[in-house]
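The first residue of the sequence shown is numbered 1, and numbering continues consecutively from there. Counting starts at 1 for both ligands and their atoms, following the listed order.
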Amino acid sequence: KLWRVQAEEPQALASELTEAAALLRNGGLVAFPTETVYGLGADARNTSAVQGIFTAKGRPSDNPLIVHIAHVSQADGLVKPYPPIAEQLMERFWPGPLTIVLPVREGKLSTLVTAGLSTVGIRMPDHPAALALIEQAGCPVAAPSANRSGRPSPTLAKHVLEDLGGSIDGIVDGGATGVGLESTVVELADDLTIRILRPGGITQEDLRAAFPHAVIESADASEADNAPRSPGMKYTHYAPRGELTLVQGEPDQVTAYIRAQVAKSKNSGESAGVLAFEERIASYEGDLVLSCGSEASLEEAAHRLYAALREFDAASIQRIWAECGPEHGIGEALMNRMAKASGNRIVRL
Ligand code: TXA
Ligand code: MG
């Protein structure tokens with residue numbers, strides 16, 4: 001079932017979402033737009049509904065889910081009393097692309113949501129349809145990205161349909177998502193330390209500006225750690241079906257290298273694609289050459305990345321070369337996702 005939402009006003013949205021909210025409340029699986037990517041929602045208190053998420057996505061059961069709420073007071077019921085810095089993060093960045101990991105209150109959520117951890121990631125999405133849906137469903141909504149596990153996250157309703165059509169109850173179609181990459185996940189080591197477990201829509205710079213006296217650390221998710229702090233970071237993620245290679249270096253060298261590789265692929269009869277910044281897009285030939293926008297607007301590249309990866313798949317491209325971008329601001333999250341999508345296949349010139 002597909003519900004197209006047009007309204008922005010909470011009341012009009014509520015009437016468009018009555019059926020979707022009722023399905024969620026009754027244990028159904030409903031995909032919905034957020035400001036980051038589409039989520040696959042279920043009542044976070046209902047174990048059989050949450051089990052349905054893992055089954056539909058083919059998601060490993062040791063990877064916990066983010067719980068989405070519509071009011072701060074909802075978080076208070078789900079987690080143990082939290083430090084002032086958590087409250088300040090909520091005040092400053094919610095609703096918005098920030099997931100805060102906090103100690104969970106026992107018995108409030110299905111244990112499948114937390115994958116057996118003593119903590120839970122909570123976020124309040126900045127999207128009118130998501131907020132209206134959660135509000136009307138009247139329950140905390142567990143929602144991972146609404147893709148098959150390992151695939152690029154969905155930024156359009158049609159991506160959800162491609163991956164999960166037939167295995168879920170419905171999709172709320174709110175058009176393209178905004179940020180295009182998932183939320184930033186943070187934990188609080190102590191009352192002065194914010195540790196970034198997954199870079200995302202709220203950047204390190206945003207956190208530093210808001211908390212000039214706090215220590216902002218990045219957990220290196222790639223380090224071989226027996227108990228990764230953010231369990232999801234250890235799995236293959238966001239990958240297109242073709243072999244993606246990232247190329248890093250001086251722009252001229254990168255362009256020359258990619259051009260040569262594309263020519264080689266063509267000679268060996270393989271289809272070749274390129275993902276590049278607008279500034280150099282005219283330099284490339286290939287079976288599919290996609291622009292991720294200007295290098296001066298990494299927000300645009302973040303917004304386009306996942307849809308582009310899916311376009312290479314739709315065109316059955318076997319080898320894909322992508323230019324690397326700068327790693328400041330949202331560029332950190334962008335390069336994190338691109339590195340994962342490539343399985344860390346990175347050529348450094
Ligand atoms: O933007 C987003 O966060 C999207 C939208 C739908 O809200 N959701 C999303 O969910 O990206 P998912 O399941 O694809 O990613 C959740 C990430 C995983 O890396 C998971 O390991 C981490 O959050 N996570 C969840 N609960 C955690 C916890 N208690 N401790 C540490 N990491 C946690
Ligand atoms: Mg995901």
**OP:** Check each heavy atom of Glu187 against ligand 1 and say whether those closer than 4.0 Å belong to the side chain, the backbone, both or neither.
**Re:** neither

Subject >> Side chains of Ser294 and Glu278, donor plus acceptor under 3.5 Å >> reply: no

**OP:** Verify the distance test for Tyr238 against the Mg ion (ligand 2): any N/O/S atom under 2.8 Å, yes or no.
**Re:** no

Original post:
Salt bridge between Glu35 and Arg123, side-chain N to carboxylate O under 4.0 Å?
Top reply: yes

Original post:
Would you call Glu295 and Arg280 a salt bridge, taking side-chain N to carboxylate O under 4.0 Å as the test?
Top reply: yes

**OP:** Please work out whether the ring planes of Phe32 and His68 are parallel, tilted or perpendicular, with thresholds of 30° and 60°.
**Re:** perpendicular

Original post:
Distance-only, no hydrogens or angles: does the Glu323 side chain make a donor-acceptor pair with backbone N or O of Phe277 under 3.5 Å?
Top reply: yes

Original post:
Does a salt bridge link Asp173 with Lys158, judged by any charged N lying under 4.0 Å from a carboxylate O?
Top reply: no

**OP:** Please verify whether a non-hydrogen atom of Val120 lies at under 4.0 Å from ligand 1.
**Re:** yes

Subject >> Salt-bridge contact Asp163-Lys57 (side-chain N to carboxylate O under 4.0 Å) >> reply: no

Original post:
Ala143 heavy atoms, cut-off 4.0 Å: which ligand 1 atoms fall inside?
Top reply: 6 (C), 8 (N), 10 (O)

Original post:
Mind checking whether Tyr38 has an N or O less than 3.5 Å away from an N or O of ligand 1?
Top reply: no

Original post:
Short N/O distance, under 3.5 Å, between Ser145 and ligand 1?
Top reply: yes

Original post:
Among Pro97, Pro64, Gly39, whose heavy atom sits nearest atom 25 (C) of ligand 1?
Top reply: Pro64

**OP:** May I ask you to identify, for Ser183, whether its side chain, its backbone, both or neither come under 4.0 Å of ligand 1 on a heavy-atom basis?
**Re:** both

Subject >> Residue selection (non-hydrogen contact nearest atom 30 (N) of ligand 1) among Val101, Ile66, Val113 >> reply: Val101

Original post:
Looking only at distance, does Arg123 have an N or O less than 3.5 Å from an N or O of ligand 1?
Top reply: yes

**OP:** Give the numbers and elements of all ligand 1 atoms closer than 4.0 Å to a heavy atom of His68.
**Re:** 5 (C), 6 (C), 7 (O)

Original post:
Who's closest to atom 20 (C) of ligand 1 heavy-atom-wise, of Asn63, Thr119, Asp62?
Top reply: Asn63

Original post:
Can you find a heavy atom in the side chain of Glu182 that is under 4.5 Å from one in the side chain of Tyr306?
Top reply: yes

Subject >> Distance (rounded to the nearest 0.5 Å) between Thr114 OG1 and Glu106 CD >> reply: 9.5 Å

Original post:
Which of the numbered atoms in ligand 1 are below 4.0 angstrom from a heavy atom of Leu117?
Top reply: 28 (C), 29 (N), 30 (N)

**OP:** With heavy atoms only and a cut-off of under 4.0 Å, state how Arg59 meets ligand 1: side chain, backbone, both or neither.
**Re:** side chain

Subject >> Min N/O separation Thr99 to ligand 1 under 3.5 Å >> reply: no

**OP:** Using the side chain to side chain contact (heavy atoms under 4.5 Å, CB included) rule, take Ile196 and Ile216 through it: C-alpha gap first, then chi angles, then the decisive distance, then the call.
**Re:** CA-CA 7 Å; Ile196 302 175; Ile216 319 277; 3.9 Å; yes

